[in-house]
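Reviewing the structure listed below.
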Number of protein chains: 2
Amino acid sequence: MAVTMHDVAQRAGVSIKTVSNVVNGYPYIRAETRQRVESAIDDLGYRVNMSARNLRTRRTGLITLAVPELSLPYFAELADAVISAADDAGWTVLIEQTSASRERETEVLSGRRRHLTDGLIFSPLALGPDDLGLFTVEYPLVILGERVFGAPADHVTMNNVAAAKAATLHLASLGRRRIALIGAHAGEQVGSAALRTTGYLEGLAEAGLPHDPALIGEAGLWHRSTGAEAMSRMLDDGVEVDAVFALNDALALGALHALHAHRIDVPREVALIGFDDVDDAKYSVPALSSVDPGRDQIARTAVDLMVERIGAAGDDQAPFRRVVPDSRIIGRESTGDVAPGERERVVAVQEGGTEVVASAWPPARDRQNVT
Amino acid sequence: MAVTMHDVAQRAGVSIKTVSNVVNGYPYIRAETRQRVESAIDDLGYRVNMSARNLRTRRTGLITLAVPELSLPYFAELADAVISAADDAGWTVLIEQTSASRERETEVLSGRRRHLTDGLIFSPLALGPDDLGLFTVEYPLVILGERVFGAPADHVTMNNVAAAKAATLHLASLGRRRIALIGAHAGEQVGSAALRTTGYLEGLAEAGLPHDPALIGEAGLWHRSTGAEAMSRMLDDGVEVDAVFALNDALALGALHALHAHRIDVPREVALIGFDDVDDAKYSVPALSSVDPGRDQIARTAVDLMVERIGAAGDDQAPFRRVVPDSRIIGRESTGDVAPGERERVVAVQEGGTEVVASAWPPARDRQNVT
DNA sequence: TTGTATGCGTTATCAT
DNA sequence: ATGATAACGCATACAA
């Protein structure tokens with residue numbers, strides 16, 4: 001059977017409490033006692049039983065990260081960043097894949113597995129503003145992305161509108177007049193698609209370019225395949241295009257594929273920019289310009305907020321915050337921004353910031369009633 | 001405070017044991033009793049305390065998957081597949097990133113975090129045959145990849161030699177005579193690089209092509225950047241090349257980038273094939289031919305073996321198995337294998353299999369001593 | 001500075 | 001079919 005603190009205590013000739021103290025780095029222990037305990041631990045190969053410790057402390061040291069799927073490079077890189085940031089802070093991450101389905105996303109918020117971890121960092125894709133109630137939970141929750149605003153939780157999001165506007169303006173600054181958008185979600189009022197489309201339209205307006213609906217390419221799922229299809233459709237329809245803003249890099253790489261299939265030169269005939277700045281972007285042919293939404297900063301901030309919330313559990317809840325990292329437009333070959341031999345160039349920066357979104361939960365007015 | 005079984009029992013007017021029975025689906029309960037308990041659970045919003053259950057049952061329902069990093073598409077897709085397979089079997093996966101460092105890989109095998117999960121699925125990259133001792137552990141372990149053979153653990157690996165040989169032969173069958181290899185590890189005797197290089201050499205021999213060392217491109221890390229560099233070096237050196245076998249897809253995509261930068265047409269002037277068949281391969285320009293090593297089957301098999309081992313903990317250990325899934329050569333544009341409009345074509349299949357590698361641990365001879 | 005005793009919320013062993 | 005009760009291994013209040 002596994003060796004317990006008891007065994008260690010016995011072997012070291014001390015009480016179980018002393019072993020516990022040593023294991024947990026309690027400072028007031030005689031050097032010699034500590035010594036004895038430590039060698040007993042080594043001799044016996046003792047390891048703390050996490051389940052017992054978790055039961056006792058009511059903490060697991062785990063946090064859940066829920067994303068649609070790891071096969072999508074953006075989420076894989078986000079997960080990498082979150083795991084690394086959590087690791088630095090001494091926390092362990094458990095990843096849950098939702099496939100962007102309502103059912104799985106709902107399950108993540110309140111399902112069985114929920115109770116294994118101390119908190120949830122959640123990037124929803126199916127749930128939206130109508131489901132705000134589901135996000136009113138009593139455990140530490142950090143929301144990622146642009147599906148849900150105003151939930152009683154910390155929120156880390158992107159500079160979507162400003163960055164999309166900057167990307168569009170950048171294409172216009174290159175002299176492009178027929179700037180297509182790939183990845184639109186018709187009629188949708190919330191989410192990344194709507195926000196980035198808004199930025200695109202603002203950019204067009206500011207550049208004095210007309211808005212032509214024929215230049216809007218729909219793509220429900222943001223995969224390479226759907227990007228390729230949307231781009232092909234537009235080209236097959238004979239729409240005149242000299243630039244493309246794809247709402248994420250997967251779409252952009254798909255679009256690039258379609259442009260190539262149509263023997264259209266990028267960037268000479270059509271300039272192309274994506275969004276997310278995934279690792280792929282650097283190595284596509286030609287290298288893809290993109291919007292860097294500050295992925296590492298998002299991950300680090302999300303973990304920081306989560307750890308802070310967990311630490312403050314039970315206290316009066318601090319106000320919820322909404323954090324937006326800086327974003328940057330990265331110019332590469334697909335927009336002809338780089339000189340031969342140059343890898344990339346930052347052509348614009350959009351500043352983010354932190355905002356206090358809501359007061360503590362339960363709302364202040366309720367607490368005043370109590371007073 | 002959180003509601004416990006006790007609260008539920010009180011409310012339902014039954015004993016705590018009965019609540020436990022209901023929660024765990026024990027069959028012999030009167031329908032009415034079950035009913036009462038279930039509504040008490042709903043009313044109170046009761047959830048099982050996993051830490052308590054884990055302590056009691058000595059099981060966590062978690063398994064660790066240790067990979068170098070999720071930013072590498074192959075491992076992201078592997079993680080996706082493992083998580084999904086585990087999910088289907090009712091298990092939860094905790095991912096650990098090792099950065100392919102010896103220190104982190106050692107830590108994974110015996111570190112603090114080890115004790116949170118019931119078993120480890122481990123894809124080592126830094127540790128090798130010299131570290132076999134580290135892999136002799138007393139918890140359920142499934143090894144992935146080709147760094148370590150002969151450890152007392154189940155092992156799921158790829159058809160490296162056969163698949164690499166088939167890929168090389170395929171390039172030769174297209175009439176290519178100067179087939180370069182990108183991603184070699186000079187002097188290394190073990191690991192994917194060595195095995196795939198062996199397959200490449202066997203392929204050359206079988207095709208009657210000479211082996212020219214100038215056609216071997218080194219790349220320590222298999223990233224897009226190193227692939228691009230190795231390819232560039234070779235081209236800058238003026239080596240004559242009409243085909244490239246890259247030891248993984250990241251290298252291949254990097255090489256593709258370099259070929260493009262050198263204004264070399266793929267596949268007309270140089271045919272290119274990768275290894276892993278990551279999702280990217282389908283959407284590069286041109287679409288990348290690749291070796292599909294059977295990723296989903298690897299993931300499913302690894303989880304099956306793991307669950308089986310965990311279930312048999314305490315029993316006499318069954319013999320360790322080595323499982324090799326079928327692999328396939330997928331022809332796409334980069335080898336000119338597809339007709340216009342066609343996406344891909346399976347041009348060869350290498351059969352895998354299952355092999356019993358070692359007898360139970362402790363070794364049979366030890367047990368005979370006991371008898 | 002260290003020891004004793006209690007309980008965290010479950011499951012498992014007996015009973016009945 | 002259900003109940004009483006003893007672990008599971010650790011952390012911690014309280015003593016000493």
Side-chain angles (χ1 to χ4, degrees), chain A residues 1-38 40-41 44-62 112-118 139 311 313-314, chain B residues 1-38 40-41 44-62 112-118 139 311 313-314:
Chain A
M1 210 70 307
V3 31
T4 75
M5 272 193 177
H6 223 93
D7 305 328
V8 176
Q10 195 155 9
R11 169 147 190 145
V14 299
S15 85
I16 178 178
K17 172 70 198 306
T18 301
V19 179
S20 176
N21 282 341
V22 170
V23 167
N24 294 297
Y26 183 70
Y28 306 113
I29 303 175
R30 260 191 317 182
E32 187 233 317
T33 308
R34 182 195 310 279
Q35 196 52 252
R36 269 221 314 287
V37 171
E38 277 169 353
I41 288 178
L44 271 45
Y46 168 75
R47 307 262 102 191
V48 176
N49 179 320
M50 286 302 181
S51 297
R53 170 181 286 177
N54 293 344
L55 172 59
R56 186 57 232 235
T57 61
R58 305 161 158 290
R59 287 269 152 89
T60 63
L62 296 173
R112 192 179 60 83
R113 209 167 275 174
R114 178 70 272 296
H115 297 267
L116 248 146
T117 67
D118 295 334
Y139 53 82
Chain B
M1 210 70 304
V3 29
T4 75
M5 272 194 177
H6 224 96
D7 305 329
V8 177
Q10 196 154 10
R11 169 143 189 150
V14 298
S15 87
I16 177 179
K17 175 66 201 309
T18 301
V19 178
S20 177
N21 283 341
V22 169
V23 166
N24 293 295
Y26 183 71
Y28 306 113
I29 303 175
R30 259 190 319 183
E32 189 233 315
T33 307
R34 182 196 309 279
Q35 196 51 253
R36 271 221 313 287
V37 171
E38 276 169 353
I41 287 177
L44 270 45
Y46 167 76
R47 307 262 103 190
V48 176
N49 179 320
M50 288 300 182
S51 297
R53 169 180 288 177
N54 294 345
L55 172 59
R56 192 53 236 230
T57 61
R58 305 162 160 289
R59 285 268 151 91
T60 62
L62 296 173
R112 193 180 59 83
R113 211 167 274 173
R114 178 69 273 293
H115 297 266
L116 249 145
T117 66
D118 295 334
Y139 52 82

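Chain letters run A, B, ... following the sequence lines, proteins first, then strands; residues in each count from 1.
- The only member of B:Arg30, B:Arg36, B:Gln35 that meets side chain to side chain donor-acceptor pair (under 3.5 Å) when paired with B:Glu32 is B:Arg36.
- Within the 4.0 Å cut-off from OP1 or OP2 of D:dA1, not a single side-chain nitrogen or oxygen of B:Arg34 is found.
- For residues 16-31 of chain B, proximity to DNA chain C is found at B:Ile16, B:Lys17, B:Ser20, B:Asn24, defined as any non-hydrogen atom under 4.0 angstrom from a strand atom.
- Here the shortest heavy-atom pairing between B:Gly45 and B:Val3 reads O-CG1, 4.0 Å.
- The end-to-end axis angle of the helix from C:dT1-D:dA16 to C:dT16-D:dA1, rounded to 10 degrees and based on five pairs per end, is 30°.
- In this structure, NE2 of A:His115 is placed 14 Å from P of C:dG9, rounded to the nearest angstrom.
- Rounded to a whole Å, the CG atom of B:Leu55 is 17 Å from the P atom of D:dA6.
- Between B:Thr4 and C:dG9 there is no side-chain polar atom (N or O) within less than 4.0 angstrom of OP1 or OP2.
- Taking atom CZ of A:Arg47 as the reference point, atom C1' of D:dC10 lies 16 Å away to the nearest angstrom.
- Between A:Leu62 and B:Leu116, some side-chain heavy-atom pair lies under the 4.5 Å cut-off.
- With hydrogens and angles left out, the side chain of B:Arg56 and the base of C:dA12 share no donor-acceptor pair within 3.5 Å.
- Atom-to-atom, CG of B:Asn49 to C1' of C:dT11 comes out at 13 Å; the value is rounded to the nearest Å.
- Taking 4.0 angstrom as the limit, A:Thr33 places a side-chain polar atom (N or O) nearer than this to OP1 or OP2 of C:dT2.
- With sequence neighbours excluded, the residues that form a side-chain contact (heavy atoms from CB on, under 4.5 Å) with A:Arg11 are A:Ala40, A:Asp43, A:Leu44.
- Using modelled atom types, one finds no donor on one side chain facing an acceptor on the other under 3.5 Å when comparing A:Thr60 with A:Asn54.
- Atom CD of B:Gln10 is separated from atom P of D:dG3 by 13 Å (rounded to the nearest Å).
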Run the numbers on A:Ser15 and A:Thr18 for side chain to side chain contact (heavy atoms under 4.5 Å, CB included), then give the verdict.
CA-CA 5 Å; A:Ser15 85; A:Thr18 301; 3.6 Å; yes

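- Under 3.5 Å, the side chain of B:Arg53 and the base of C:dT10 form no donor-acceptor pair of N or O atoms.
- Remark: B:Glu38 CD is packed, more than 12 non-hydrogen atoms of other residues, nucleotides or ligands lying under 6.0 Å away.
- Across the protein-nucleic acid pair, A:Met5 atom CE and C:dA5 atom C1' stand 16 Å apart, rounded to whole Å.
- Of the inter-residue distances, the one linking B:Ile41 atom CD1 with B:Asp7 atom CG reads 11.5 Å to the nearest 0.5 angstrom.
- Rounded to an integer number of Å, the gap from CG of B:Asp7 to P of C:dC8 is 11 Å.
- We find that NE2 of A:His6 is positioned 14 Å from C1' of D:dA11, with the value rounded to whole Å.
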Go through the steps for B:Thr4 and B:Asn49 under the test side chain to side chain contact (heavy atoms under 4.5 Å, CB included), then give the verdict.
CA-CA 8 Å; B:Thr4 75; B:Asn49 179 320; over 6 Å; no

